[in-house]
2 protein chains.
Amino acid sequence: MADVARAAGVSHQTVSRVINGSPNIRPSTRERVESAIRELGYRPNTAARALVTRRSSTIGIISTGSGLYGPNSIHRTIEDAARSAGWFAGSVSLATVTASTLTDAIDHLLRQAVEGIVMIAGQVEALELVSHQDFGVPFVVVEGDLSKATNVVGVDQQAGAYAATAHLVELGHTRIAHVRGPRSWTEADARETGWRDALADSGLAPGTLLHGDWSARSGYAAGRTLVADTDTTAVFVANDQMAIGLLRAYHEGGRPAPRHVSVVGFDDTPEAEYLQPPLTTVRQDFVEVGRRAIAFLDAGIKGVEPHLERLVSPDVILRASTARPFRPEATA
Amino acid sequence: MADVARAAGVSHQTVSRVINGSPNIRPSTRERVESAIRELGYRPNTAARALVTRRSSTIGIISTGSGLYGPNSIHRTIEDAARSAGWFAGSVSLATVTASTLTDAIDHLLRQAVEGIVMIAGQVEALELVSHQDFGVPFVVVEGDLSKATNVVGVDQQAGAYAATAHLVELGHTRIAHVRGPRSWTEADARETGWRDALADSGLAPGTLLHGDWSARSGYAAGRTLVADTDTTAVFVANDQMAIGLLRAYHEGGRPAPRHVSVVGFDDTPEAEYLQPPLTTVRQDFVEVGRRAIAFLDAGIKGVEPHLERLVSPDVILRASTARPFRPEATA
DNA sequence: TTAAATGGTGCGCAATGCCAA
DNA sequence: ATTGGCATTGCGCACCATTTA
């Protein structure tokens, strides 16, 4: 900075003013300083600035559930939203979520003096661990459960599940099963609740409930079980990956969708449209979720109230994996 | 730090020595200082340290091709490897790669005084843009082309494609088509070359070559074209997502795999095993790629020669989407 | 006594904010 | 209304002083 000041014939202080857009600078001076900056290829030293301002302009992102479509997509959009808002985003991806890995991750970020943390996690353990602590910086949880933590931003899972189930009901299905996500995920709980509520509101009894782990493998296992139950004519699966496995199990079992079973997924992964059959699923607007996560964090850091809804509403995307129930007696 | 020194009854210098693991500290003193650190919840100020050491301990990751399985997976493993190696990883995800978005991204990172940059990009434009410049910090390209840039780490795409094609040849296929990735991606080029070489080495003429864009949609389009050509009995598809679309097109066309066509993908996404039929594909060891990327960056930063292979060898995973060619005349 | 081990002092890193010119 | 000077931020290093074997 001293070099720039010398080149422009001003004090280093004036250079600082130009950089920070102070209003009280004569245009000619500003011009001189700016051209000196350009010529010298000068870049302000972030460390020095952080030291004196006590602001790092950095936020941390903790992401869990790597490999899954949803968390991954959200991670990207949050990074992007952070950069647009002028933050430097540092991230930590956790393969497994335990008290110790999570604590380490938070510690890693806090050491870097992040001004806020966004955690993408739906596991109950993670939520409980962070909700009882104060890290000294704003903390926003994405895809968690509103009832389990305070600063949550995400998609209205329950509404999405409700709409997906309602779609199956409208088609005329009366025995609608659900393959849910793992026990410890709040999203899995919310989707199950949506399914349950939609059935109750239609006067239907809950169908079979099976547990998966989000993987195609577990969806396949669930499908193997369900395919034997010919009373069940529709399945709401908690994510697209499991739906892939389930579709295959039904196909193998000689009862392919949508003729023998209607299937709805959740996520709308890019390939959902090209599965056999194309998958009816629930689309979540991850870009909007990312934007809101950063908006909430921003508000927390600035200490103001954010005026934004916490939950984004998802949409059901209709495709060929759902149809009216097949009634052998009707066609016979 | 002054507080810690006071609490432990030593000078701030001694505290600094303890934190940085200086050998010349009496165990009892070290113990006193450490407990003071714990009690006060003291965390060294990264900015101050960076200022004086002129080292940020931060590296930058630029990732392109978000949404694709490969780049996403690699991103995670690099982040993880970086943290294990003591680096703070900041990342920038680029939705589109142009000279300006890439320059912005690099600038964003350089402003944070990153000590090195890892770029996950296979697009020729990106490689060309960075290979003619010196950013003042080590720069490693992941998944690029060894011939296009110097510091490249990745999977041996060509070998993987060669093995995949050779597998089809061994099964007895003689007309083997290829659905490649977009024109501007070096990985797409390498996979095409591997396909071409394997055919040439077997004395076979190249089959039909179609271009896709990595999406299931484009694979579906390619499949619609290929399914009409009954001479082609096998297709090597440059990634699993396109293979999904292609499988569907063949299914719709009444020529399902593996009976009428053998299909090999590339990536081994988690759901590949549960497609209809389960997809034979090429698995890449992303964890190893991430580790090596950081190892190379580390070496570059320390100014030493890395003693590691740049390319990781992939494996062909055999599943049900490939089989011996179907010969109507033989069964008739 | 010498040599090794340990602790203390003050400066400088690169920026910003306040106050004075 | 502009511009400059001085103090300040938290830490590490060079250097010096002191204790211990």
Side-chain angles (χ1 to χ4, degrees), chain A residues 1-37 40-58 86-88 107 109-115 136-137 301, chain B residues 1-58 86 88 107-108 110-115 136-137:
Chain A
M1 189 154 125
D3 298 337
V4 174
R6 207 171 305 119
V10 297
S11 74
H12 71 127
Q13 178 55 280
T14 302
V15 176
S16 170
R17 287 200 181 95
V18 170
I19 292 171
N20 294 295
S22 160
N24 299 335
I25 294 283
R26 200 178 303 161
S28 67
T29 310
R30 181 186 299 281
E31 181 47 49
R32 267 209 331 285
V33 172
E34 278 170 350
S35 70
I37 288 177
L40 275 65
Y42 166 77
R43 247 188 270 276
N45 182 314
T46 329
R49 173 179 285 172
L51 184 59
V52 65
T53 58
R54 297 153 165 288
R55 295 203 42 197
S56 64
S57 292
T58 299
W87 299 101
F88 180 66
D107 195 62
L109 294 174
L110 255 23
R111 272 179 202 288
Q112 296 297 323
V114 294
E115 296 186 50
V137 297
I301 292 170
Chain B
M1 189 154 120
D3 297 337
V4 174
R6 206 172 305 117
V10 298
S11 73
H12 74 115
Q13 176 56 287
T14 302
V15 176
S16 171
R17 284 196 180 107
V18 169
I19 290 171
N20 295 297
S22 159
N24 300 335
I25 293 286
R26 200 183 302 161
S28 66
T29 308
R30 180 185 300 279
E31 182 47 48
R32 261 206 341 279
V33 173
E34 278 171 351
S35 71
I37 288 176
R38 265 194 305 276
E39 273 168 40
L40 275 64
Y42 168 76
R43 249 187 270 276
N45 181 313
T46 330
R49 173 180 282 171
L51 186 58
V52 64
T53 59
R54 296 153 166 287
R55 296 203 41 197
S56 65
S57 293
T58 300
F88 180 66
D107 196 62
H108 183 69
L110 255 23
R111 272 178 201 288
Q112 297 297 322
V114 294
E115 296 187 49
V137 297

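Reckoned from all heavy atoms, side chains included, excluding hydrogens, waters and symmetry mates.
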Legend entry - CA sep, side-chain torsions, deciding dist, call: Val33(B), Ile25(B), side chain to side chain contact (heavy atoms under 4.5 Å, CB included): CA-CA 10 Å; Val33(B) 173; Ile25(B) 293 286; over 6 Å; no
Inset, instruction - Report the residue (Ser22(A) or His12(A)) whose heavy-atom-nearest nucleotide on DNA chain D is the more 5′ of the two. - result: Ser22(A)
Inset, instruction - Pick base, sugar-phosphate or nothing for Met1(A), based on heavy-atom distances below 4.0 Å to the nucleic acid. - result: base
Inset, instruction - Report yes if the side chains of Val18(B) and Arg30(B) come closer than 4.5 Å at any heavy-atom pair, otherwise no. - result: yes
Legend entry - Upstream residue (5' side of DNA chain C) when Pro44(A) and Ile25(B) are each assigned their closest nucleotide: Ile25(B)
Inset, instruction - Measure from OH on Tyr42(B) to P on dC11(D) and round the result to the nearest Å. - result: 3 Å
Legend entry - Val10(A), nearest nucleotide to its side chain (from dT9(C), dG4(D), dA14(C)): dG4(D)
Legend entry - Atom-to-atom span, CZ of Arg6(A) to C1' of dG4(D) - whole angstrom: 16 Å
Inset, instruction - Would you kindly give the CZ-to-C1' distance between Arg30(A) and dA1(D), to the nearest whole Å? - result: 13 Å
Inset, instruction - May I have the distance from Asn20(B) (atom CG) to dG10(D) (atom P), rounded to whole angstrom? - result: 17 Å
Inset, instruction - Using Watson-Crick or G-U wobble geometry with both distances below 3.5 Å, tell me the partner of dC13(D), or none. - result: dG10(C)
Legend entry - Out of dT3(D), dA15(C), dC11(D), whichever nucleotide has its closest atom nearest the side chain of Thr14(A): dT3(D)
Inset, instruction - Check every strand shown and say whether Asn24(B) touches a base, only sugar-phosphate, or nothing at a heavy-atom separation below 4.0 Å. - result: base
Inset, instruction - Describe the nucleic acid contact of Thr46(A) in one word from base, sugar-phosphate, nothing, applying a heavy-atom distance below 4.0 Å. - result: nothing
Inset, instruction - Could you tell me which non-hydrogen atom of Ala7(B) sits nearest to which non-hydrogen atom of Leu40(B), and how far apart they are? - result: CB-CD1, 4.3 Å
Inset, instruction - Taking Asn20(A) for its side chain and Ser22(A) for its backbone only, find out whether a donor-acceptor pair lies under 3.5 Å. - result: no
Inset, instruction - For Val52(B), answer base if it contacts any base atom (sugar-phosphate contacts may also be present), sugar-phosphate if it contacts only those atoms, and nothing otherwise; contact means non-hydrogen atoms under 4.0 Å. - result: base
Inset, instruction - Compare side-chain N and O positions of Thr53(A) against OP1 and OP2 of dG17(C) and report whether any pair is under 4.0 Å apart. - result: no
Legend entry - Side chains of Trp87(A) and Val114(A) in contact at under 4.5 Å (non-hydrogen atoms): no
Legend entry - Euclidean distance, atom CZ of residue Arg55(A) to atom P of dG17(C) [Å, nearest integer]: 11 Å
Inset, instruction - Please state whether the phosphate of dA14(C), meaning OP1 or OP2, lies under 4.0 angstrom from any side-chain nitrogen or oxygen of Arg49(A). - result: no
Strictly under 3.5 Å: I want the nitrogen or oxygen pairs between protein and nucleotides 18-21 of chain C, one per line.
{"unit_1": "dC18(C)", "atom_1": "N4", "unit_2": "Gln13(A)", "atom_2": "NE2", "d": "3.3"}

Legend entry - Ile19(B) side chain near Ile37(B) side chain, heavy-atom distance below 4.5 Å: yes
Inset, instruction - Round to the nearest Å and state the distance from Asp3(A) atom CG to dC13(C) atom P. - result: 12 Å
Inset, instruction - For Leu51(B), answer base if it contacts any base atom (sugar-phosphate contacts may also be present), sugar-phosphate if it contacts only those atoms, and nothing otherwise; contact means non-hydrogen atoms under 4.0 Å. - result: base
Legend entry - Nearest-angstrom distance from the residue atom CD1 of Ile37(A) to P of dA15(C): 10 Å
Legend entry - Distance test, side-chain N/O of Ser16(B) to OP1/OP2 of dG12(D), below 4.0 Å: yes
Inset, instruction - Dump the intermediate steps for side chain to side chain contact (heavy atoms under 4.5 Å, CB included) on Asp107(A) and Arg43(B), then the final yes or no. - result: CA-CA 9 Å; Asp107(A) 195 62; Arg43(B) 249 187 270 276; 2.6 Å; yes
Inset, instruction - Scan Ile19(B) against the nucleic acid and name what it touches under 4.0 Å (heavy atoms): base, sugar-phosphate only, or nothing. - result: nothing
Inset, instruction - Quickly work out the Arg26(B) CZ to dT19(D) P distance and round it to whole Å. - result: 11 Å
Inset, instruction - Give a yes/no on whether any side-chain N or O of Ser11(B) is located under 4.0 angstrom from OP1 or OP2 of dT9(C). - result: no
Inset, instruction - Take Glu34(A) and Arg17(A), measure what salt bridge (charged side-chain N to carboxylate O under 4.0 Å, His left out) needs, and give me the verdict at the end. - result: CA-CA 11 Å; Glu34(A) 278 170 350; Arg17(A) 287 200 181 95; over 6 Å; no
Legend entry - Donor-acceptor contact below 3.5 Å, side chain Gln112(A) vs main chain Phe88(B): no
Inset, instruction - Could you tell me whether the phosphate oxygens of dA14(C), OP1 or OP2, come under 4.0 Å of any side-chain nitrogen or oxygen in Arg54(B)? - result: yes
